[in-house]
Amino acid sequence: KAKGTVSDDGVLRPVKLSKKELYKAPTVEQLNQLKEAEYLFHCSILKMQMEELLKEVALSEHRKKLVDSFVLQVTDFLQCVPKSELDDISWLSGVEVPFLLVPSTTKGKFHMEPPASISLVGSYPLGTCVKPKVSVDLAVTIPASILHPMQYPRKRALYLAGLARHLSFAKVVCSLHYSCLHGNRLRPVLLLKPPGKDSSKVTIRILVIPPPDFLKPSHFHPQKNNIRTEWFTGVADTHAQCPAFGEGVALLKVWLRQRELDQGAGCFCGFHASMLMAYLLSTHKVGKTMNPYQLLRNALHFLASTDLTENGITLSRNPDSKAHSLVFVDPSGHLNLLADMTAFTYKWIQHEASLSLKFWDDPTVDGFHALLMTPKSMLRTYDNVFKLSSLVNLQTSCKKLLLLNELVDHSGNYVLTALPFILSLLQQGLGERIHLLAHSLPQDPEWPVDSAPPKHKDQPPLSIGLLLNLEHAPSVLERGPPADNPKAAEFRQLWGSCSELQRFQDGAITEAVLWSGNSISHRRFVLLKIIAHLLELHADIPKSCIRFVGGQLDIVVKICTTGEEESLKVVQSYDDLSKKLWQLKGLPLSITSVQDAHQALRYTQVFPPVPLPKENKPCPYYITPIKVIVHMEGSGKWPSEHMAIRHVKAAFHICLGELLCKQHKYKCHATPTYLDVWKDGLVFRIQVAYHREPQILRESLTPEGMLIYRDNAEAQVLELETLHKPFLTSTLHGYSTYINMQNTLSFVLFLLEDIREEAADLLVASLFLHPAPFTPPSSPQVGFLRFLHLLSTFDWKNNPLIVNLNGKLTAAEHTDIKNDFVASREALPSMFIVTHNDKKVSVWTTEAPSVQMLQRAVMLAAESLRVLETQLDSDQKQDIRVSSSIVNLYYANVCSCHLFVFNLTEAFGDLALFFYDPYGGTVIAVLWKPVNDDVATTVPNVEAILQDFRIIGEGLVKKFDLRTEKWVV
């Protein structure tokens, strides 16, 4: 293979090897060079993608002209504020003051006059503004004659209200709304939008500030009871020193936005991104000649590796002393830029940065899409999400937790006051059960200028997200210290009356908390019980205010987790049978492998086989046999003709049955094609396989007596059943974490009735093996949401879905698979799923789905995702009820419905498509196939076809609902 060198322009150039070098085994150094070349190629692609993204998010010249014109008109209008002496606020006439005026009147007077200065600040003048939402900050300096240091917040709000009233007469302004900066009600801002079609494209945010040196910086020390002002200048110089500064910040802003970290109280906004990049430049942690790609990577590396809760950073030579859990000091030395951020949000940022670097360095991952193109909503990111509603209860929490001083610091915002203490409490209680705890950022409220500001209690519910540690999360036991340990008192104080002394099997007597939960589905709710208990005990938050997002799916989960428990029984019984098969004595040929080939044995069957009841109990309508493939050793004793091989396999079925009956007392029933074994109330269907049989089926002789090989459907089916399916089942069986979600996914796969169950299982497997930009899912609901997102957003037309089972595919093989796919795309299935066993042929999607059916599945997945996320995110309780007859009548319903649809498809598949829920649904939908105008066709006799439907479905179909207005036949 060719090795490569990197030229000065950063492009990988191939270097030819001599013939002697070509046939010489590569040295370790050469292999390392090859790996480095592959990595550099991967980075070059990622760099080019980022450059294209920067072009996409940058403002067009037309948009810039629109912004500049709007800013100029607003600035000119603000300069015309009339001077006026005012005794009260009646002059505002219809415009509210965005501030709680308590008391309603104070000493002194107030007057209006034009701003001392108006300046563009923030991302727009720095060139770091990105689409789609363009927000332009205007810093309006209040004249010193208006202000008084002791009444600054009040007079600033009055001045902002005066500007709002003045702008209400401006024709260049379409709408006026108040908001506040990062959730702080003491920092109101004014939002302006232009009229017409451009109203959604740009927003001007007016921030009123005091004149320079009006307030002494020392007054704003964290130890003093003052209000900190925002700091707006100082990045520009730094910006000029590094040409790529603006684009580097723009990429970091896109990264933050995709993770919902850039807006709301305590966020890491674009301003923080600019200040971070300025810090990295000023401390030489990034070079002035670096490109945007390098700036982003170094910024993420800094965030991932630097714990600001332990060691703060500063842009000042003489900063004030540390007074917050997070410290990032501005150049003045007096302002902590991260004062409003919780330590939990920073840990969230660190986690995301670390995860992004991991995917960045993996050449098998599309790092560009993982880092910058995939939205990471909380519902799709965290395994469990809990909603905290009725936030007015946090007022009581502040009293219970004795947070009066902190409440004063937050100007009475009891939500932001109580939040970090509540989170610390949950972190302490959840402990090893979770890897990460995060919370939604309260969004900045907006309200019309003629309305009073919304109250804190009217905020949307807070969301709390958990990344689970599956080793401990579902445990029903919280074991504490021994009774005589000094920490026992702390444990009892944390858990209250739930803590009791318990004696364990090892003889230890310790404090412990035991939660109820006998089944898998019940244990999923242990975390909810812990959270509800701790918040009620320590913060006086009623249990009714806490909602487990996804709890609405509880009935579905319970049905499917019943399947999980049945699957465990099936697997245990299979494992025992497998051991017994290996122990058999007296076989003419030895067994080389025993492989499971049934969906229940890979934990993905919705309703696994249920053991038959004991005697004198009703027998179910149908018993699902569990397929097991037994490979016998290759030997000269095997015949070379396929009919003879079938006879030998039939003899083996009889022999295995006799030996199992004799040596292990199993009831068996042998047939030519399989052996049924009765065990633990289950039926295992053993099929003997010979590894050369598919190849022999492909052999044929020409009239001249020449042996040739031709593929055929019979050989493909046999290979699928005896080689590919057992491999897939045994591989997925090894991923024990699948048991937490796959049944739920399969339960709703009626979306994919035209897709084989094995293909669906591989789609799910990809969520675990290639979770970028997430961590592998550890709960049913988050797995299902990601599944819908994968199905609806993956580019099936231009990319193969590579599922790297057991990690056997190298980066080079990934590249080869993609190249082969592009070269042969027209001849390949519409959905192309690759494993290391079938790199060139997607064995599970060769026949289906068709292009039309895949498009339908994609459309349904997208709409299902939208509806489900809307429902789950809603504060309203949603009930999902399933008839109890679904489980009881499953076998009868499914088998009858499946056979009916099969018969309809066989008879009328060329005229119509048939859709049904394979998991117990009672409706079959029929869609007439669209007519191709270019092909001459006969007109079908619709009435006769409908009559045939009735005849085939006699005794099964209750009624026909004809939607004739939609017919195109």
Side-chain angles (χ1 to χ4, degrees), residues 100 102 153 182-186 220-228 264-266 309-310 320-327 336 338-347 386-431 434 437-442 455-459 461-464 478 480-481 486-499 511 513 529-546:
L100 186 62
V102 178
H182 306 322
N184 191 332
R185 298 296 180 89
L186 289 180
F220 296 93
H221 191 280
Q223 301 296 333
K224 295 195 175 183
N225 186 19
N226 288 296
I227 300 168
R228 301 185 301 276
T309 63
E310 296 292 334
D320 287 338
S321 59
K322 178 177 178 180
H324 298 92
S325 59
L326 283 164
V327 176
N336 180 10
L338 301 181
D340 296 329
M341 182 182 291
T342 67
F344 296 92
T345 298
Y346 187 73
K347 293 295 183 183
F386 298 87
K387 292 274 190 179
L388 186 60
S389 57
S390 301
L391 298 183
V392 68
N393 289 291
L394 295 183
Q395 279 185 302
T396 309
S397 301
C398 290
K399 295 179 182 178
K400 178 93 173 183
L401 296 167
L402 305 176
L403 301 179
L404 178 60
N405 291 336
E406 290 80 1
L407 190 62
V408 172
D409 289 342
H410 286 88
S411 310
N413 189 331
Y414 48 82
V415 176
L416 296 183
T417 300
L419 181 60
F421 294 90
I422 286 174
L423 296 173
S424 297
L425 174 67
L426 296 182
Q427 180 73 66
Q428 183 182 0
L430 295 171
I434 60 173
L437 183 152
H439 62 93
S440 61
L441 305 177
K455 296 180 180 180
H456 299 306
K457 68 182 182 66
D458 297 327
Q459 293 183 47
L462 285 172
S463 296
I464 298 173
E478 191 73 35
K487 292 184 178 180
E490 296 179 15
F491 187 87
R492 289 192 296 270
Q493 192 277 332
L494 175 64
W495 295 105
S497 60
C498 286
S499 177
E511 294 286 344
V513 178
K529 294 175 183 177
I530 291 174
I531 291 172
H533 172 73
L534 291 176
L535 293 185
E536 187 172 46
L537 177 64
H538 295 285
D540 281 349
I541 297 175
K543 293 180 180 179
S544 59
C545 299
I546 304 161

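Bear in mind that the values here come from a model prediction, so they are computed numbers and not experimental data.
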Please find the pair of heavy atoms, one from Leu425 and one from Leu494, that lie closest to each other, and give the distance. CD1-CD1, 3.9 Å

How many angstroms lie between atom CG of Leu403 and atom CD of Gln395, to the nearest 0.5 angstrom? 12.5 Å

Determine whether a donor-acceptor pair (N or O, by modelled atom type, separation under 3.5 Å) exists between the side chain of Asn413 and the backbone of His456. no

Any side-chain heavy-atom pair of Cys398 and Leu404 under 4.5 Å: no

Hey, is the main chain of Pro420 close enough, under 3.5 Å, to the side chain of Ser424 for a donor-acceptor pair? yes

Side chain proximity check, Thr396 to Tyr414, heavy atoms < 4.5 angstrom: no

Any side-chain heavy atom of Phe386 sitting closer than 4.5 Å to one from Leu462? no

Where do Gln427 and Leu437 come nearest, in terms of heavy atoms and distance? OE1-CB, 3.9 Å

Heavy-atom pair with the smallest gap, counting every atom of Gly183 and Leu416: O-CD1, 4.1 Å

Are any of the side-chain heavy atoms of Ile422 and His538 separated by less than 4.5 Å? no

Exercise: identify the closest heavy-atom pair between Lys347 and Thr309: NZ-OG1, 4.2 Å

Are the side chains of Leu430 and Leu534 in touch, meaning some heavy atoms are under 4.5 Å apart? no

Please tell me if the side chains of Trp495 and His533 come closer than 4.5 Å, counting only heavy atoms from C-beta onward. yes

So, using side-chain hydrogen bond (donor to acceptor under 3.5 Å, both in side chains) as the criterion, who are the partners of Glu511 when residues are at least two apart? Arg492, Ser499

Checking the side chain of Ser411 only, and the main-chain atoms of Leu186 only, is there a donor and an acceptor separated by less than 3.5 Å? no

If you measure from CG on Leu326 to CG on Asp340, what distance do you get to the nearest 0.5 Å? 10.5 Å

On a heavy-atom basis, which atom in Ala532 and which in Ile546 lie closest, and how many Å separate them? CA-CD1, 3.6 Å

Going by the rule side-chain hydrogen bond (donor to acceptor under 3.5 Å, both in side chains), which residues pair with Ser440 if we only count those two or more places apart in sequence or in a different chain? none

Contact between Ser397 and Ile541 at the side-chain level, heavy atoms closer than 4.5 Å - yes or no? yes

Under the criterion side chain to side chain contact (heavy atoms under 4.5 Å, CB included), I'd like the reasoning laid out for Asp540 against Asn393: C-alpha separation, chi angles, the key distance, then a yes or no. CA-CA 8 Å; Asp540 281 349; Asn393 289 291; over 6 Å; no

For Gln459, which of Leu394, Val415, Val392 qualifies under side-chain contact (heavy atoms from CB on, under 4.5 Å)? Val415

Counting heavy atoms not belonging to Lys529, are there more than 12 under 6.0 Å from its NZ? yes

Taking the side chain as every heavy atom from C-beta outward, state whether Leu426 and Leu535 have any pair of such atoms under 4.5 Å apart. yes

Checking His439 against Ser463: is there a side-chain donor and acceptor pair closer than 3.5 Å? no

In short, Gly266 meets Met341 closest at the heavy-atom pair O-CG, 3.5 Å

Can you tell me how far the CD atom of Glu406 sits from the CZ atom of Phe421, to the nearest 0.5 Å? 4.0 Å

